[in-house]
Amino acid sequence: QVQLVESGGGLVQAGGSLRFSCAASGRTFSSYAMGWFRQAPGKEREFVAAISWSGATTYYSDSVKGRFTISRDNAKNTAYLQMNSLKPEDTAVYYCAAGLSPASRLRNGVAGYWGQGTQVTVSS
């Protein structure tokens with residue numbers, strides 16, 4: 001069992017930055033791939049980024065590639081999402097997720113555990 005608690009997010013102007021943290025409970029954090037998804041009002045939830053258990057492999061959606069960076073610290077049981085150059089279209093509820101390896105499964109939307117969701121609002 002893995003429980004995920006997100007922190008970060010909030011309101012930011014376009015061009016600004018935010019950083020998410022996702023703290024995981026459980027002793028097997030390092031064996032899970034971690035990722036982030038988002039859901040905007042009236043839209044389906046979409047993949048944002050994923051990272052392998054070792055941190056060696058990362059995946060990004062085309063819409064955030066080059067602006068967002070996913071990372072993890074297995075010693076702290078925490079994953080991070082650094083979001084730079086934010087745009088109004090990045091406004092959504094962001095969800096941390098954990099899933100069995102490989103990380104490509106998360107890229108395909110297969111996750112075993114979800115965080116509670118955190119709102120990000122980017123004003124123009």
Side-chain angles (χ1 to χ4, degrees):
Q1 187 76 9
V2 176
Q3 291 185 324
L4 305 175
V5 178
E6 303 168 22
S7 60
L11 174 65
V12 65
Q13 289 188 331
S17 298
L18 285 173
R19 189 191 197 206
F20 275 126
S21 296
C22 178
S25 64
R27 296 173 292 178
T28 59
F29 172 78
S30 61
S31 65
Y32 284 90
M34 298 295 297
W36 296 87
F37 292 75
R38 67 186 182 186
Q39 187 168 19
K43 295 186 178 180
E44 293 186 354
R45 187 164 54 192
E46 64 173 356
F47 168 77
V48 174
I51 187 167
S52 64
W53 67 271
S54 67
T57 302
T58 56
Y59 298 97
Y60 296 95
S61 67
D62 288 342
S63 60
V64 307
K65 196 174 297 182
R67 300 187 297 122
F68 291 12
T69 301
I70 189 170
S71 61
R72 66 189 295 161
D73 185 339
N74 288 342
K76 296 182 179 179
N77 280 12
T78 303
Y80 305 96
L81 185 68
Q82 178 67 43
M83 303 182 290
N84 298 329
S85 302
L86 283 161
K87 305 175 181 180
E89 50 265 43
D90 293 318
T91 295
V93 177
Y94 283 70
Y95 297 89
C96 174
L100 296 176
S101 296
S104 57
R105 287 168 55 90
L106 272 176
R107 184 185 59 183
N108 296 330
V110 180
Y113 304 97
W114 296 91
Q116 79 277 12
T118 304
Q119 177 70 44
V120 170
T121 302
V122 184
S123 62
S124 57

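Placement of Val93 and Phe47 within a single hydrophobic cluster is found when ILVMFWY residues are connected by side-chain heavy-atom separations under 4.5 Å, directly or transitively. Taken together through direct or relayed side-chain contacts under 4.5 Å among Ile, Leu, Val, Met, Phe, Trp and Tyr, Ile51 and Leu106 form parts of separate hydrophobic clusters. Using a 4.5 Å cut-off between side-chain heavy atoms of Ile, Leu, Val, Met, Phe, Trp and Tyr, with links allowed through other members, Trp36 and Val5 fall into different hydrophobic clusters. Taken together through direct or relayed side-chain contacts under 4.5 Å among Ile, Leu, Val, Met, Phe, Trp and Tyr, Val48 and Tyr59 form parts of separate hydrophobic clusters. Trp53 and Leu81 fall into different hydrophobic clusters, where Ile, Leu, Val, Met, Phe, Trp and Tyr are joined by side-chain heavy atoms under 4.5 Å apart, directly or via other members.
Remark: side-chain polar atoms of Ser25 are paired, donor with acceptor, to backbone N or O of Gln3 under 3.5 angstrom.
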Do any side-chain atoms of residues 14-21 form donor-acceptor pairs under 3.5 angstrom with protein atoms, and if so which ones, sequence neighbours left out?
| residue | atom | partner | partner atom | Å |
| --- | --- | --- | --- | --- |
| Ser17 | OG | Asn84 | OD1 | 2.9 |

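Partners of Gln119 under the side chain to side chain donor-acceptor pair (under 3.5 Å) rule, at least two apart in sequence or in another chain, are Thr121. Tyr32 pairs by the side chain to side chain donor-acceptor pair (under 3.5 Å) definition with nothing, not counting sequence neighbours. Taking the side-chain contact (heavy atoms from CB on, under 4.5 Å) definition, one finds that Gln116 meets it with Glu6, Thr118, sequence neighbours left out. Under the rule for a side-chain contact (heavy atoms from CB on, under 4.5 Å), the partners of Thr69 that lie at least two apart in sequence or sit in another chain are Tyr60, Gln82. Among residues two or more places apart in sequence or in another chain, the side chain to side chain donor-acceptor pair (under 3.5 Å) test is passed with Arg45 by none. Among residues two or more places apart in sequence or in another chain, the ring pair (Phe, Tyr, Trp, His ring centres under 6.0 Å) test is passed with Trp114 by Phe37.
Residue pairs satisfying the ring pair (Phe, Tyr, Trp, His ring centres under 6.0 Å) criterion with at least one member in residues 72-92, sequence neighbours excluded, are absent. The salt bridge (charged side-chain N to carboxylate O under 4.0 Å, His left out) pairs that include a residue from residues 68-81 number zero, where partners must be two or more places apart or lie in different chains. Judged as a disulfide (SG to SG under 2.5 Å), the pairs with a partner in residues 50-106 (not counting sequence neighbours) are, in order, Cys22-Cys96. The list of salt bridge (charged side-chain N to carboxylate O under 4.0 Å, His left out) pairs with a residue in residues 55-64, not counting sequence neighbours, reads Asp62-Lys65. Among residues at least two apart or in separate chains, side-chain hydrogen bond (donor to acceptor under 3.5 Å, both in side chains) pairs with a member in residues 90-105 are Arg38-Asp90, Arg38-Tyr94, Arg67-Asp90.
Between Met34 and Leu4 the shortest side-chain heavy-atom distance falls below 4.5 Å.
The two residues Ala92 and Ala40 come nearest to each other via the heavy atoms CB-N, 3.8 Å. Nearest heavy-atom pair across Ala50 and Ala103 is CB-O, 4.0 Å.
The OG1 atom of Thr58 sits 11.0 Å away from atom CZ of Arg107, with the distance rounded to the nearest 0.5 Å.
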